[in-house]
Amino acid sequence: MKIISVVGARPNFMKIAPFIKALKKFSNEKVQIQHLLVHTGQHYDVRMSEAFFRALDIPQPDINLQVGSGSHAEQLGRTMIAFEKVLLEHKPDWVVVVGDVNATLSCTVIAKRLHIKVCHIEAGLRSGDMRMPEEINRLVTDRLSDLLLTPDRLSSENLRKEGTPEEKIRFVGNIMIDTLEANKEKAQGLSIKSVIHNNIAEGTSLPTEIPLDETYALMTLHRPSNVDHEDICVPLMKFLMDEAASELPIIWPIHPRTKKQLQLFGLWGLVKGHPSLILLEPIGYHEMMRLNIGAKVMLTDSGGLQEECCVLGTPCLTLRWNTERPITLRENDGASVLVGNNVDRIRKEFFQTLSMNRQPSRPELWDGHTAQRIVEAIIESSPMVENEIQNVLK
Ligand code: UD1
């Protein structure tokens, strides 16, 4: 059996790592699986891409499409043109896509045009917000995929409501948690001080009076809905600088998109000179987990961090009005609360959250063994003769 799996942007890498390991295990012991890894090249900075390959022990991509930055149309189009050539040359039985980035959508569309089966890992998530590029990516990918592997039962239910045939849906758990479990010990062994010192953002310096062993908040921000519009981004920054950062230092690994926007709005100087904001370059997987484990509170618009906070128990303010990951919300025993980008609402929840303790929770099948269930599901859904499948799964 020949499988091509696809990654494009940072949140894909921690999802593909355990899948590739599980494939290797199955391939050696039970069945011949030929695997090729394609990187579309949407994320290309060392810190956004290569560092994750090294830290998570992901093999070098067999093919890099080098699509780079650009508008959505440019990214999608360039990926489709390049990926079509890859498929025509290698003719895989399956294309495996993960998550909801532009690579997920474009590679699914082209694979289906060439009648190749698609397996979507992390299927069924829905925010209901059609202004999010990721929501469109999720909808189209799920509509076209042959095997839809969901991280939780709510996602399976979303697919049923949309009329997805039952035999295509498999609830396998959350593959990100495989990576979290496999790397937690290593992350815990890092020192917070050295994580900070080794990753200070270019052109900034560590505010000297900050006691790094004490309580801090951790923040990430990159969604277009938060950083692309001046009328939203500016008040948010003012709240962070004038109010939140007076309560406790905020450690903030900055996404390239956000830095560009802050420069555009003339805020970069203020942000980088603030005595209680610790600005870091985009940091590695273990470094982020270490900071998460020690944080008093997380402020984020990232879906992946919402999930990691849930399992690690970090109280999390999700700076969005909706989420495709409702299982992580406090109302479902998770750690996260939706606060949108309205400053009054963020202020209220921020100060309440400071008095909360860590409360880890573990949704069903977020057990570190999702990758194995995924490989089994692919093998079971492959056109092999019945007794061959039985041998493989024995
Ligand atoms: C993408 C994903 C988003 C994911 C996020 C995580 C889509 C639609 N969005 O958004 O779901 O949460 O990645 O990071 O796929 N840039 C660099 N260096 C890089 C990569 C990007 O400087 O290595 C710059 C680009 O030039 C661009 C900006 O960052 O200006 C945004 O990058 P892009 O890949 O378009 O989208 P993200 O916002 O990262």
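Whatever order the structure lists ligands and atoms in, that order sets their numbers, starting from 1. Excluded from the calculations below are hydrogen atoms, water molecules and symmetry mates; all remaining heavy atoms, backbone and side chain alike, are included.
- Using a 4.0 Å cut-off between heavy atoms, P11 contacts ligand 1 through its side chain alone, with no backbone atom that close.
- Paired with V227 under the rule side chain to side chain contact (heavy atoms under 4.5 Å, CB included), one option of T258, I232, N341 passes, and it is T258.
- Summarising the contacts of atom 29 (O) of ligand 1 with Q261, R223, R257, E50, the nearest heavy atom is found in R257.
- Note on ring orientation: taking the six-membered ring where Trp is involved, the planes of F52 and Y285 are perpendicular (angle over 60°, cut-offs 30° and 60°).
- When heavy-atom distances to ligand 1 are checked against a 4.0 Å cut-off, H43 comes that close through both its backbone and its side chain.
- Scanning the protein for heavy atoms near atom 18 (N) of ligand 1, the closest one is D45 OD2, 2.9 Å.
- Applying the 4.0 Å criterion to heavy atoms of S69 picks out, from ligand 1, the atoms 25 (C), 26 (O).
- L56 and V101 fall into different hydrophobic clusters, defined by Ile, Leu, Val, Met, Phe, Trp and Tyr side-chain heavy atoms under 4.5 Å apart, directly or through other members.
- Here the protein heavy atom with the shortest distance to atom 34 (O) of ligand 1 is Q42 NE2, 3.1 Å.
- The nearest protein atom to atom 9 (N) of ligand 1, hydrogens excluded, is given as E134 OE2, 3.4 Å; this is a heavy-atom distance.
- Looking at C107 and T79, their side chains come closer than 4.5 Å, going by heavy atoms from C-beta outward.
- Residue I4 forms a side chain to side chain contact (heavy atoms under 4.5 Å, CB included) with just one option from K91, Q34, H90, and that option is H90.
- Interatomic distance, S361 OG to R330 CZ, rounded to the nearest 0.5 Å: 11.5 Å.
- For ligand 1, the atoms sitting less than 4.0 Å from at least one non-hydrogen atom of P256 are 16 (N), 17 (C), 18 (N), 22 (O), 24 (C), 29 (O), numbered in the order shown with element in parentheses.
- Here is the list of ligand 1 atoms found below 4.0 Å of a heavy atom in H222: 4 (C), 5 (C), 6 (C), 12 (O).
- Nearest protein heavy-atom contact of atom 35 (O) of ligand 1 is Q75 NE2, 3.3 Å.
- When only non-hydrogen protein atoms are considered, atom 8 (C) of ligand 1 lies nearest to N102 OD1, 3.3 Å.
- Remark: the backbone N or O of V96 is not paired with any side-chain donor or acceptor of S5 at under 3.5 angstrom.
- The nearest heavy-atom contact from the protein to atom 24 (C) of ligand 1 is K260 NZ, 3.8 Å.
- Closest protein heavy atom to atom 17 (C) of ligand 1: Y44 OH, 3.3 Å.
- Heavy atoms of other residues, nucleotides or ligands lying less than 6.0 angstrom from NZ of K2 number more than 12.
- A donor atom on one side chain and an acceptor atom on the other are found under 3.5 Å apart for H39 and S49.
- Residue H72 has at least one heavy-atom neighbour below 4.0 Å for each of these atoms of ligand 1: 8 (C).
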